[in-house]
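What follows is one structure encoded as structure tokens, with my remarks underneath.
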Amino acid sequence: MTRQPDTSAASDADLDLGALYRRLHQFPELSNQEFRTAELLADAIHGCGYETTTAVGGTGVVGVLRNGDGPVVMLRADIDALPVAEKTGLAYASTERATDHTGAEVPVMHACGHDMHAACLVGAARRLARTAREWSGTLLLVFQPAEELACGARNMVEDGLFERFPVPGIVLGQHVGPLPAGMIGYGSGPLMASADSVQIVLHGRGSHGSRPEASIDPVLMAAHVVTRLQGIVSREIAASETAVVTVGRLQAGAKDNIIPDTAELGVNIRTYSEENRAHVKAAVERIVRAEAVASGAEREPEFDWDISAPVLISDPDATAATIAAFTAYFGAGRLFPIPVVTASEDVGVFGAAAGIPTVFWFFGGMNLAGRRMEDLPANHSPFFAPEIEPTLSTGVDALVVAARTWLAPAS
Ligand code: ZN
Ligand code: ZN
């Protein structure tokens with residue numbers, strides 16, 4: 001549903017952003033179930049002059065502010081929460097429960113800080129609308145669902161994000177993390193790993209456990225696959241580079257004296273370049289197929305590649321320009337470089353789909369309070385609780401400064 005801009009309301013500068021954040025935090029919703037969240041966010045940006053569309057790629061929200069000639073700049077925030085039982089003890093802690101995508105009833109918590117991302121984007125959207133006389137161009141706000149399932153960005157693209165709305169020249173986004181509040185961590189080039197998951201079914205032939213000669217044993221096949229897969233990183237990836245292949249799920253059989261028909265594996269892959277990503281994915285299929293042949297399997301293995309997020313590359317030139325603007329605004333003392341992160345983000349899907357650069361950075365949310373950085377609760381922890389300030393204002397400022405770096409000055 002699209003609502004035309006509400007031009008009368010550009011004045012309501014009195015939205016309490018802290019209250020919006022606390023509300024998002026207290027009432028989190030799982031991936032692809034962000035209905036109340038989407039409504040809340042759509043209302044918050046519609047009230048300050050954005051053409052607002054809901055239900056883009058499921059529960060995504062898009063806001064457009066056309067403000068004269070100039071570049072189209074996309075600002076992205078993810079909005080989903082996680083199946084985690086909150087233990088922060090905060091007055092606005094979540095006690096929500098929901099049914100997840102597998103049908104299980106689970107607790108729900110904003111344990112990755114996506115509530116902070118959404119609130120920061122609302123704050124930036126409102127300030128940019130209020131100061132529209134100072135710049136020229138078009139703002140494209142994207143509130144993306146289902147980042148935690150690595151499918152929300154793809155769903156929005158497939159639902160016509162870049163056909164139905166102005167096509168941006170750059171994607172800007174941020175993630176809150178276990179860094180001191182008020183600080184900005186940045187990197188250039190590969191920033192976060194790609195993530196791919198494949199569910200594999202190995203087909204054997206079952207028989208009585210006492211008669212292995214009548215079987216094609218999928219358990220032995222699976223055991224060889226698990227061992228052999230660990231040769232990919234150690235033997236096929238250069239020592240100067242890195243990748244991860246993890247078999248996180250291995251299931252076969254129900255009883256010790258029955259050889260089952262099938263065995264199943266769930267494999268997760270992380271890499272830092274698209275070359276290595278393609279190589280490792282192909283190597284997994286090659287090894288699984290070869291082990292099936294080696295066992296004399298009569299049926300080909302099955303592969304279901306169900307999670308896919310590309311390497312997140314923060315475009316080096318665009319990052320340099322954005323970080324220069326951050327340094328001028330925040331001062332060099334509030335910025336520091338960080339190493340690549342083994343976690344993944346699907347924000348890179350937007351830039352890859354539109355063929356445009358992405359700039360992504362991290363901002364701190366934690367009060368050190370005498371603790372060491374490595375002791376701060378990290379994302380996905382039940383204790384992950386950003387300090388509302390200065391985290392919120394830092395995140396708003398960063399989005400505004402970054403957007404203004406790429407929008408044209410008012411003519
Ligand atoms: Zn997360
Ligand atoms: Zn996250």
Side-chain angles (χ1 to χ4, degrees), residues 21 24-25 28-34 37-38 41 57 59-61 75-88 94 96 98 100-101 106-122 142-156 171-179 181 184-187 191-197 244 246 248 268 270 307-312 314 338 340-351 358-366 376-386 391-392 394-395 398-399:
Y21 167 74
L24 290 167
H25 189 85
E29 293 172 297
L30 292 175
S31 305
N32 289 324
Q33 301 179 22
E34 308 90 334
T37 304
L41 297 170
T59 41
V61 177
L75 300 177
R76 175 269 199 183
D78 42 11
I79 63 173
D80 55 329
L82 285 161
V84 172
E86 179 154 1
K87 294 183 184 160
T88 61
S94 161
E96 297 289 292
D100 75 6
H101 63 290
V106 292
V108 190
M109 174 190 174
H110 267 298
C112 202
H114 299 183
D115 47 353
M116 183 59 76
H117 306 166
C120 288
L121 183 50
V122 168
V142 171
F143 293 94
Q144 181 213 303
E147 189 282 329
E148 296 291 355
L149 296 182
C151 62
R154 191 180 66 228
N155 289 345
M156 290 189 84
V171 177
L172 305 171
Q174 58 182 359
H175 208 300
V176 65
L179 312 168
I184 291 187
Y186 66 92
L191 210 60
M192 297 180 81
S194 66
D196 293 278
S197 279
V244 179
T246 290
N268 186 258
R270 310 279 168 150
I307 283 188
S308 158
V311 182
L312 173 54
S314 199
I338 55 164
V340 289
V341 177
T342 51
S344 306
E345 246 288 351
D346 70 349
V347 65
V349 167
F350 295 113
T358 299
V359 177
F360 200 77
W361 61 91
F362 298 88
F363 63 118
M366 300 296 150
L376 295 174
N379 304 70
H380 294 205
S381 155
F383 297 101
F384 186 77
T391 309
L392 196 49
T394 304
L399 285 172

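Order of listing sets the numbers, starting from 1, for every ligand and every atom in it.
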For this session: For Glu86 and Thr88, test the side chains for any donor-to-acceptor distance below 3.5 angstrom and give the result as yes or no.
Result: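 Thr88 and Glu86 do have a side-chain donor-acceptor pair below 3.5 Å.
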
Problem set entry | Non-neighbouring partners of His101 that pass side-chain contact (heavy atoms from CB on, under 4.5 Å), sequence neighbours left out |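 His101: side-chain contact (heavy atoms from CB on, under 4.5 Å) contacts with Leu149.
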
Problem set entry | Whether His114 side chain and Asp80 backbone form a donor-acceptor pair below 3.5 Å |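 Yes: the side chain of His114 pairs with the backbone of Asp80.
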
Exercise. With the threshold set at 4.0 Å, does a side-chain nitrogen-carboxylate oxygen contact exist between Arg76 and Glu147?
Worked result: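 Salt bridge flag = no for Glu147 with Arg76.
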
Exercise. Do any N/O/S atoms of Cys112 come under 2.8 Å of the Zn ion (ligand 2)?
Worked result: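 Yes.
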
Exercise. N/O/S of Glu148 less than 2.8 Å from the Zn ion (ligand 1)?
Worked result: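 Checking Glu148: at least one N, O or S atom is under 2.8 Å.
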
For this session: Check all N, O or S atoms of His380 and name the one closest to the Zn ion (ligand 1).
Result: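 The atom in question is NE2.
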
